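Before any comments, here is the structure.
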Amino acid sequence: MFNQNQIEEKWQQIWENNQLFQQSADSTSVKDKLYLLFAFAYPSGSGLHVGHVESKTALDILARYYRMKGKDVFFPVGWDAFGLPAENYAIKTGIHPKVTTKDAIITFRRQIKRIGISYDWANELATNHPEYYKWTQWIFIQMFNKGLAYQKNGMVNWCPQDQTVLANEQVVEGRCERCDSQVVQKELKQWYYKITQYQEELITGLDQVDWPEATKAQQLNWIGKKTGIEITYKIADTDKTVTCFTTRPDTNFGATFVVIAPEHQFAKEVAKNNTTVADYLDAASKKTELDRQQEGKTKTGAFTGFYAINQLTNKKMPIWVSDFVLGGFGTGAVVGVPAHDVRDFEFSQFVNSQSDNKADDAENADSRIEVIRVVVGSDGDTSEITKVEQVQEETGTMINSDFLNGLDIHEATQKIMDYLEEQGMGKRVTTYRLRDWLISRQRYWGTPIPIVYDPEGNPHPVKQEYLPWELPTDVDFKPTGESPLKSSKEFIERTHKYVSQVHADLIAEKGWDSSGEGWTPEFDTMDTFVDSSWYFLRYVDSRNKDVFADVSQLKAWLPVDLYMIGPEHIVLHLLYSRFFTKFLRDEGYLHFDEPFMKMRHQGMILGPDNRKMSKSKGNVINPDEIIEKFGADTLRVYEMFMGPLEADKPWDIRAVIGVYKFLQRVYSMVSEKDLAEFSQQEKTKTEQKLHQLIAKATDDIPKLKFNTSIAFMMEFMNVWQDESKKYSKTLSSEDKIKFIKVLAPFAPFMAEELFEMVTGQTSDSDDYNGVHITVWPEFDPNKAQSDTVMIPVQINGKVRAQLSVSAETASDQQVVLNQAIALPELKKYLEGKEIKKKIYVAGKIISLVV
RNA sequence: GCCGAGGUGGCGGAAUUGGUAGACGCGUGGGUCUCAAAAACCCAUGAGGCUUAAAUCUCGUGCGGGUUCGAUUCCCGCCCUCGGCACCA
């Protein structure tokens, strides 16, 4: 028995005093770099949780392993320190976010050191530090100068609880991703980053990176590229046209109506003289997101009284207005093919039932919608389509479509697109679902947008010499629906002073007040996702005062080799960071296209009840308590042993104890001093297992398969212990050290303690070299192999015997097969039968067919 | 509906260029030690049949087929669970 906590504190101190892991960032000596990155952490008041421990430990194992393999490892740490939780806490308690954030960081730091994460603390950073956000602002200005940061008036997502706008990516099923409130639409002038500028490269760039396929698919899904065609139809009895976007022009012979969104220009024009349409537009504009959801898929609409002409059939297609068509997608107008689109069919049913009810209503008489089948599916059904189940969407062959008849729908799509383009009726187009990134937030605790407005309301970026454009401190951050920065006197005075110096010429020219009166700063702050979109660049040179990072440092370390981050960031941070990287590359600052070459997601650690941990469910495991009872090594090894890194796994306290006992056994076996060494003969079996372990760990660690490495360490311990008992002897110090080295990345404290003990060096001496800066052991294939091999023998696919052969004869097919057939236990299966087939897979299996 | 991931003992999981399914750990049962308990250690542990026992057989990786000497792994058709997107034309 020994005191785990005591040795852990001892080594934590020694590592820190010697700055063991902090010589990494100097670019001049880098030969074989490895940049390991852990997802930027938000320093929440509740401290480190067991999920953090899992992914940090995984990266730490890699960091320690690769250092032992001789790589130059860069493993930095920092804090995503701006954000809503600290501000909301401040609103409740009156304690400034700066204070709570600082306290939280101190707690995190202590906890991270306690679990032995070998971060390079020399480059630690926090996004709320002015020397950091100075460069967040600088990037904003570069974007502004290139027209990629711009202001736009429009409908935005507004969270009434958090009193701020949100990006599309932060709205999940109509709710705020942070506080789960129902999001409402508001018309506001806001700042956007033009991420759509890079939409095509955000797709193609995914081919360069080693990311989980599912993650790539999800990003592609979010970007939502679609190719189709815009078809322009003449509107009868006018000189106007309506342009519709469709991906299925093959069905155009069956197009019998047009629907436009309430926001469509033509709808607005019609509404001037048509009260039905005007009323409909009015009602639609008042609908909230919630109303729409409750309404479900029930169709509504109003007839405009106009008709579009389908050039293919010369049929008059009634033009309707309906809110199932979205103003923001495609052209805001859709051509309806009720026979081959479920929504169109539902709309036709709505229209026809309505006009049935008002048969004598002249206005609606000609607005009925015809359903024409133009595709026949695999069932061969060519009957009239009267039920929604008959609507054929995905596959089939064309009918009733003139020159398309008989073609597969996909061929027909290409042919009709060619035709429409030739005739000047349409144009192939590509659409994307991705929208520009709304970055304004009406909140206090964020990076100020470095813009001042002149008395005419024109924006002027703050000059670089005046950055950081600091966040004022004399602010009342209680939410009022307006930006809290408006309450700062200092901020406005600062702005006046600034413009009177910087814009003196303009002020004189315009005859404005020379004191700067009339100018205002931008009161909104930036979305915190802006802060985290480039932090991995700053890490490599985080104290630089002249540039966001020096070119030599960037060249030495980037791109990131492995990024460990939760799957919840796929459409937010991971997309935004890629966008920033491509922008800064185009500006000439970066030498690479993609920031994160390899990425893996950690799974979630669930409570013992198999549910997501949460305070309200009372199933939260506190890592501090586990460390207190069993030590940090146990916590680390247990979390790595739970299962595959990417899987969700429930906590099991009994299994923690199992790992604890394993480590206790390790300690007592390695520290055993009274036993003599095995003889050469006696140690064969243990040595064989030891070299198999080295091979296994060397193979598994780079693949992040830590659970199987640990399982094999346990197997090794079992063999060693059995053999030790059998002979009352044990392994040599030399062999013990090999095992300690394999253990070191997983249980760094215990390994260091045992290393000191076995080598006889002491940590007080100046030239002490710990296990973590030694060289990873080489495995010897000869020692890993045993002299005899057991080969299973199958008869008709069932294992009936085991054949023991020497390692040399195992490669001789003829000898092995003859020996196998001669096995006495196979007599009853083979006697009197002819062996039809003999198969031998060298060293693996013998298969006989009778 | 579309896209993606997955389904293996009582539990977490291992094994996939097709080659002994269930490594390792937990749990459970039995035992040693003890006045007793805990700890520690030892043995057993997928299900079922036959048997005093040994031996041995059958079934078994979500379901149904197929390819193969041999399938958790490959192919075809389904079912279920989880994650993402969704009135996106």
Side-chain angles (χ1 to χ4, degrees), chain A residues 1 172-173 212-222 224 226 228-229 244-249 251 258-259 261 292-293 295-299 322-326 328-337 340-344 346-347 393-394 431-433 567-568 570-571 601 604 606 610 637-638 641-644 646-659 661-662 664-665 705 707-718 721 725 790-802 825 828 835-850:
Chain A
M1 277 301 133
V172 180
E173 285 175 0
E213 284 308 312
T215 303
K216 291 186 184 180
Q218 218 172 304
Q219 277 209 354
L220 290 174
N221 196 4
W222 186 261
K226 279 211 171 102
I229 189 163
C244 301
F245 175 74
T246 178
T247 56
R248 290 294 307 278
T251 60
V258 165
V259 193
R292 285 202 178 200
Q293 270 176 26
E295 206 171 71
K297 296 188 174 162
T298 313
K299 299 289 182 289
S322 175
D323 63 4
F324 86 87
V325 174
L326 308 173
F329 186 83
T331 58
V334 172
V335 57
V337 184
H340 303 291
D341 183 289
V342 169
R343 292 155 312 189
D344 293 353
E346 286 167 354
F347 190 70
E393 286 187 322
E394 297 302 323
T431 62
Y432 298 83
R433 204 187 85 101
E568 67 276 15
I570 292 168
V571 294
H601 303 302
M604 213 187 316
L606 307 171
N610 232 316
V637 175
Y638 168 66
F641 184 60
M642 288 173 89
E646 66 280 6
D648 295 345
K649 305 152 289 240
W651 189 268
D652 181 357
I653 187 62
R654 291 171 308 198
V656 177
I657 295 168
V659 168
K661 287 179 185 168
F662 161 69
Q664 294 287 335
R665 275 199 299 149
K705 292 172 71 178
N707 53 333
T708 49
S709 297
I710 294 167
F712 209 92
M713 281 189 233
M714 291 172 172
E715 284 188 57
F716 164 75
M717 283 305 297
N718 292 344
Q721 212 166 17
K725 265 185 201 159
M790 296 295 282
I791 301 172
V793 186
Q794 289 186 346
I795 292 176
N796 291 343
K798 287 195 173 17
V799 178
R800 299 298 186 186
Q802 299 281 336
E825 58 264 49
K828 62 177 170 178
I835 300 174
K836 291 178 191 141
K837 206 166 182 180
K838 301 175 201 170
I839 295 157
Y840 175 52
V841 181
K844 278 192 174 163
I845 202 155
I846 298 158
S847 185
L848 304 174
V849 186
V850 294

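No experiment lies behind these values; they were computed from the predicted model shown. Per chain, numbering begins at 1; letters A, B, ... match sequence-line order.
A:R800 contributes no side-chain N or O that, together with a main-chain N or O of A:I795, makes up a donor-acceptor pair within less than 3.5 Å. Between the A:Y638 side chain and the A:I657 main chain, no donor and acceptor come within less than 3.5 Å of each other. In this structure, A:D344 contributes its side chain and A:V337 its backbone to a donor-acceptor pair below 3.5 Å.
Candidate nucleotides B:U20, B:A89, B:C26 were compared by shortest atom distance to the side chain of A:D652, and B:C26 ranks first. With B:A89, B:G25, B:A14 as the candidates, the nucleotide lying closest to the side chain of A:R665 is B:G25. Of the candidates B:A89, B:C87, B:U20, the closest approach to any side-chain atom of A:T246 belongs to B:A89. Nearest nucleotide to the side chain of A:V334, out of B:C69, B:A89, B:C87: B:A89. The A:V799 side chain lies nearest to B:U20 when the options are B:A23, B:U20, B:C87. Each of B:A89, B:A14, B:A40 was ranked by its minimum atom distance to the side chain of A:K661; first place goes to B:A40.
The side chain of A:K837 contributes no N or O atom lying less than 4.0 Å from OP1 or OP2 of B:U68. The side chain of A:R800 places an N or O atom within less than 4.0 Å of a non-bridging phosphate oxygen (OP1 or OP2) of B:C57. At least one side-chain nitrogen or oxygen of A:K705 sits closer than 4.0 Å to the OP1 or OP2 atom of B:A15.
Side chains of A:I846 and A:P792 form no contact here, defined as non-hydrogen atoms less than 4.5 Å apart. Within the 4.5 Å cutoff, the side chain of A:F245 has heavy atoms near those of the A:F329 side chain. No side-chain heavy atom of A:Y432 sits under 4.5 Å from any side-chain heavy atom of A:K226.
Atom-to-atom distance recorded for A:I570:CD1 and A:T215:OG1 is 4.0 Å, nearest 0.5 angstrom. With rounding to the nearest 0.5 Å, the separation of CD in A:E346 from CG in A:D341 is 9.0 Å. Put simply, NZ on A:K649 and CZ on A:F641 are 12.5 Å apart, with the number rounded to the nearest 0.5 Å.
The distance between atom CD1 of A:I845 and atom C1' of B:G19, rounded to the nearest whole Å, is 4 Å. What separates CG of A:N796 from P of B:U20 is a distance of 17 Å, to the nearest Å. In this structure, the CE atom of A:M642 is 12 Å from the C1' atom of B:C11, given to the nearest Å. Going from atom CG of A:L220 over to atom P of B:G84 covers 18 Å, rounded to whole Å. Regarding A:F329, its CZ atom lies at a distance of 12 Å from the P atom of B:A86, rounded to whole Å. Between the P atom of B:C43 and the CG atom of A:N718 lies a distance of 10 Å, rounded to the nearest Å. The CG atom of A:D341 sits 14 Å away from the P atom of B:C2 (whole-angstrom rounding). Between the CD atom of A:Q664 and the P atom of B:G25 there is a distance of 16 Å, given to the nearest Å.
Nucleic acid contact for A:G330: none, since no nucleic acid atom lies under 4.0 Å from a heavy atom of the residue. The residue A:V849 sits close only to the backbone: its heavy atoms come under 4.0 Å of sugar-phosphate atoms, none of a base. Among the heavy atoms of the strands, none lies under 4.0 Å from A:P567. Among the protein residues, A:K836 comes within range of no part of the nucleic acid, since none of its heavy atoms lies under 4.0 Å from any strand. Using a 4.0 Å heavy-atom distance criterion, A:Q794 is classed as a base contact. Residue A:V841 is classed as a base contact, given a heavy-atom separation below 4.0 Å to a base. Residue A:D344 is classed as having no contact, given no heavy-atom separation below 4.0 Å to the nucleic acid. Counting any heavy atom pair closer than 4.0 Å across all strands shown, A:S847 reaches a base atom. Nucleic acid contact for A:K725: sugar-phosphate only, since backbone atoms but no base atoms lie under 4.0 Å from a heavy atom of the residue.
Between A:C244 and A:T331, the closest heavy-atom pair is CA-OG1, 3.5 Å. When all heavy atoms of A:V325 and A:G332 are compared, the closest pair comes out as CG1-O, 3.5 Å.
With both ends at atom C1', the span from B:U61 to B:G13 equals 13 Å, rounded to whole Å. Between the P atoms of B:G66 and B:A15, the separation comes to 30 Å (whole Å). B:A71 and B:G65: their C1' atoms are spaced 14 Å apart (whole Å). For B:U68 and B:C75, the C1' atoms lie 12 Å apart once the distance is rounded to whole Å. Comparing B:U8 with B:G64, their P atoms sit 16 Å apart, to the nearest whole Å. Comparing the same atom, C1', in B:C41 and in B:U34 gives a spacing of 14 Å after rounding to whole Å. Taking the C1' atoms as reference points, B:A44 lies 41 Å from B:G83, given to the whole Å. Rounded to the nearest Å, the gap between the P atom of B:C79 and that of B:C63 is 15 Å.
Residues A:W222 and A:K649 both approach RNA chain B. Their nearest nucleotides, taken by heavy-atom distance, put A:K649 toward the 5′ side. Looking at which nucleotide of RNA chain B each of A:N707 and A:N221 is closest to, the 5′-most match is held by A:N707.
Each of A:Q794, A:K838, A:K837 was compared with A:V849 under the side chain to side chain contact (heavy atoms under 4.5 Å, CB included) criterion, and only A:K837 meets it.
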Under 3.5 Å between N/O atoms: give me all the protein pairs with nucleotides 4-10 of chain B, atom names plus distance.
none

task: Give the dot-bracket string for RNA chain B, reading 5' to 3', where a pair is Watson-Crick or G-U wobble with both distances under 3.5 Å, ( ) marks pairs inside the strand, [ ] marks pairs crossing earlier ones, | marks a partner on another strand, and . marks unpaired.
output: (((((((..(((......[....)))((((((.......))))))((((......))))..(((((..]....))))))))))))....
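For B:C69, the base has no donor-acceptor partner in the side chain of A:K838 [N/O atoms by modelled type, under 3.5 angstrom].
Glycosidic conformation at B:G9 (O4'-C1'-N9-C4 for purines, O4'-C1'-N1-C2 for pyrimidines): syn, within 90° of 0.
The side-chain tip of A:K299 points at the ring of A:F324 from less than 6.0 angstrom away and within 45° of straight on.
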